Amino acid sequence: MLIVAFLFRETRMMSTKGVLGSPKPAKRVKLTSVEPTRDELLEERKKLPIFPAKGKLLQNVQQVSTAIIIGETGCGKTTQIPQFLYKAGMHRNHTIAITQPRRVAAISIAERVSKEMGTELGQTVGYCVRFEDVSCQATKIRFMTDGMLLRESTLDPLLKRYSFVILDEAHERTVHTDVLFGVVKGAQKRRRAKGLPQLKILVMSATMDVDQFSQYFDCAPVFYLEGRQYPIQVKYSVQSQSDYLFSALVAVMQIHQEAPLGQDILVFLTGQEEIESAVHTLRDIVKDVTKQYAPMIVCPMYAALPTGQQMRIFQPTPGGVRKVIVATNIAETSVTIPNIKFVVDTGMVKAKIFNPNSGLDMLKVCWVSKSQAWQRTGRAGREAPGTCYRLYTEEEFEQFSTNTIPEIQRCNLSSVILQLLALGISDIVHFDFMDKPRPEAILAALDQLVLLGAVEKQEKVQLTLLGRQLAAFPLDPRLSRVLLGAKEFDCLEEMLTVVSLLSVESVFHTPYNKRDTAHAARQKFISSEGDHLTLLNVYRAYKGVKGDKQWCQENFINARNMQTASQIRKQLREICVHLQLPFKSCGQNTGVIRKCLCHGFFTNAAELQHEGVYKTVASKKTVVIHPSSSLFMRKPGCVIYNELVQTSKCYMRNLSVVDPQWLYEAAPTYFKRKKTAN
DNA sequence: GAGCACTGC
């Protein structure tokens with residue numbers, strides 16, 4: 001391979017002050033072999049930039065009901081502020097909730113804080129995430145995922161247990177945090193009106209949309225905390241790059257030849273295939289027989305990678321070797337990789353774009369936002385000064401949007417709206433969103449809920465009894481509808497399995513260079529009736545070997561996803577017990593499973609046209625079967641699918657063969673209306 | 001004829 005050096009222009013330094021935005025703190029606790037004592041921890045804590053600000057911060061928080069706290073990397077706000085409030089008795093014997101967008105973060109921070117306080121985890125300090133509640137009535141500092149607090153609010157909209165809600169990482173703008181903004185603001189007002197104890201809100205963020213946060217919370221005061229981040233040189237590409245993948249490889253080899261060994265490189269690319277191919281190319285280049293290159297360990301990193309292989313990025317690099325990690329945006333926030341000296345940022349990300357008009361999801365490679373670019377840059381300066389190579393020009397950077405569009409403005413809202421209705425909020429269009437979703441998206445979601453029988457539109461929109469039951473499940477309403485429908489078909493046991501497996505990423509693992517072997521291994525699970533029954537076969541086989549890891553590996557089954565599916569199944573089963581649904585199995589009568597699926601997915605049907613091309617029943621859109629489907633080679637006449645994803649073509653994913661008559665039986669009014677409309 | 005960013009309940 002030809003290696004061409006290309007020039008970078010150094011224009012900026014990213015320092016403790018940040019340039020535009022600032023990177024977020026890493027929430028993963030570092031793997032250390034020696035446990036520090038509590039005294040050592042205290043010494044460490046005293047050095048945090050937040051420590052000298054303690055008095056002033058508490059005094060201000062005392063006076064206001066809501067505050068925005070802007071804290072840069074490593075300032076200690078997440079771990080220290082809850083402790084300050086608690087020690088000062090400001091929690092007034094109630095609980096302080098601190099939300100996080102990610103589970104691992106909630107868990108590891110809780111572990112850290114309980115260690116700092118010298119208490120047993122789950123007592124004064126605890127956490128609560130899906131499948132795991134390590135807290136008790138006596139817990140005063142409770143770390144939780146934003147989704148968990150949102151779920152809790154449907155049981156108690158006034159959040160009476162809490163005296164403080166701290167929404168951390170607010171700049172990430174997850175759907176859950178965005179809905180919580182409105183929920184906690186409303187709870188605060190209503191508690192005041194009812195004369196109940198005050199609910200204080202702290203919004204913690206690391207961004208520039210400070211004004212928007214402050215304005216939304218009735219001009220709440222803003223506190224700035226200084227961070228602790230090493231300076232990072234930012235170098236822009238002098239020319240626009242036409243092939244970012246190639247440019248990334250060139251940049252890596254250039255750094256490899258120029259920089260001392262032992263300084264590791266993190267490269268941001270967009271997806272699994274691209275990453276695997278880059279990894280193989282780099283490995284091929286350095287193993288060149290002429291031995292002109294120093295040894296290099298190249299690790300891929302993306303969410304679908306099995307855990308064992310993911311862990312390789314944390315192994316210390318041996319002397320005289322360079323480690324290169326090629327990652328998706330998973331390395332922006334979710335995992336912190338130690339010892340990164342160089343970041344190579346292609347400026348590209350694969351993003352899901354939702355079109356509310358067509359209801360279609362699209363996966364598209366796009367430019368990142370400025371805040372994302374700074375986040376990537378920040379990954380180079382965690383332990384020492386570093387360098388970030390941007391494979392785009394400064395002019396191109398200036399064209400990037402300031403922030404990533406909040407998730408709530410680019411996702412299907414049916415689940416969110418069902419939850420808001422369950423919270424007793426019926427006027428969704430006028431709900432106090434910080435950034436309102438498009439009205440079309442709200443209406444489309446309401447239409448879907450009406451079709452499912454979850455919502456009635458009389459004078460105002462309201463939940464039906466069925467809708468209330470659907471809201472009890474942590475699922476897409478269509479999947480919940482399938483579960484509730486199972487009692488008519490005596491197949492709840494099977495539906496629980498199918499729905500759980502549909503709730504996780506693919507259970508099939510297809511490694512880059514073993515595609516054929518993986519496909520061959522998969523054959524024994526395949527059902528001619530479609531993917532849902534194929535999934536059921538996999539689950540039965542998995543349970544048959546009691547979830548044996550070796551078996552998973554031999555059969556190219558992703559053990560982690562199977563385990564998650566089992567946990568989800570258990571959770572869903574408990575909800576079904578609560579709703580007194582009858583647990584029955586359909587045995588070999590697999591047709592009822594597909595019939596039952598029609599009750600949630602009757603809008604997602606397609607009919608075969610010619611040469612393997614299908615047209616959707618709902619909108620006559622041309623679609624094809626995804627190559628990962630067990631029906632890819634079969635082409636049945638009529639199918640239902642769980643989702644459409646537009647990439648190079650419009651693909652149907654997770655399909656089952658159905659009889660058109662079943663569709664009609666599942667939703668007669670819908671199909672009658674369609675007939676008249678056509 | 002051929003493929004899937006990341007979270008979360």
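None of these values were measured; they are calculated from a predicted model. By convention in this document, chain letters (A, B, ...) are assigned in the order of the sequence lines, proteins followed by strands, and residues within each chain are numbered from 1.
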When the distance from [atom1] of [X] to [atom2] of [N] is rounded to whole Å, what number comes out?
X: Asp476(A); N: dG8(B); atom1: CG; atom2: P; value: 18 Å
X: Leu150(A); N: dC9(B); atom1: CG; atom2: C1'; value: 8 Å
X: Leu479(A); N: dG8(B); atom1: CG; atom2: P; value: 18 Å
X: Ile107(A); N: dG8(B); atom1: CD1; atom2: C1'; value: 13 Å

**Message:** Under a 3.5 Å threshold, yes or no: a donor from one side chain and an acceptor from the other, between Gln571(A) and Arg130(A)?
**Reply:**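 Result is yes, a qualifying pair exists.
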
(request) Would you tell me whether Thr174(A) and His176(A) have side-chain atoms, one donor and one acceptor, within less than 3.5 Å of each other? (result)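 Absent: no donor and acceptor within the cut-off.
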
Open item on the list: Taking Cys388(A)'s backbone N and O only, do any of them form a donor-acceptor pair with Thr377(A)'s side chain (distance below 3.5 Å, no angle check)?
Closed with: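 No, Thr377(A) side chain to Cys388(A) backbone: no donor-acceptor pair under 3.5 Å.
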
(message) Does Arg390(A) qualify as a cation-pi partner of Phe397(A), given the criterion of NZ or CZ under 6.0 Å from the six-membered ring centre and within 45 degrees of its axis?
(response)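 Yes, a cation-pi geometry.
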
Taking the six-membered ring of Tyr127(A) as reference, does the NZ or CZ atom of Arg142(A) fall below 6.0 Å from its centre and within a 45° cone about the axis?
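Because its charged atom misses either the 6.0 Å distance or the 45° angle limit, Arg142(A) does not stack over Tyr127(A).
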
Problem set entry | is_close_aromatic(Phe400(A), Tyr392(A)), centroid dist under 6.0 Å |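 That pair passes the under 6.0 Å test.
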
Reading nucleotides 2-7 of chain B from 5' to 3' and marking B where a protein heavy atom lies under 4.0 Å of the base, S where only the sugar-phosphate is that close, and - otherwise, the string is BBBBSS

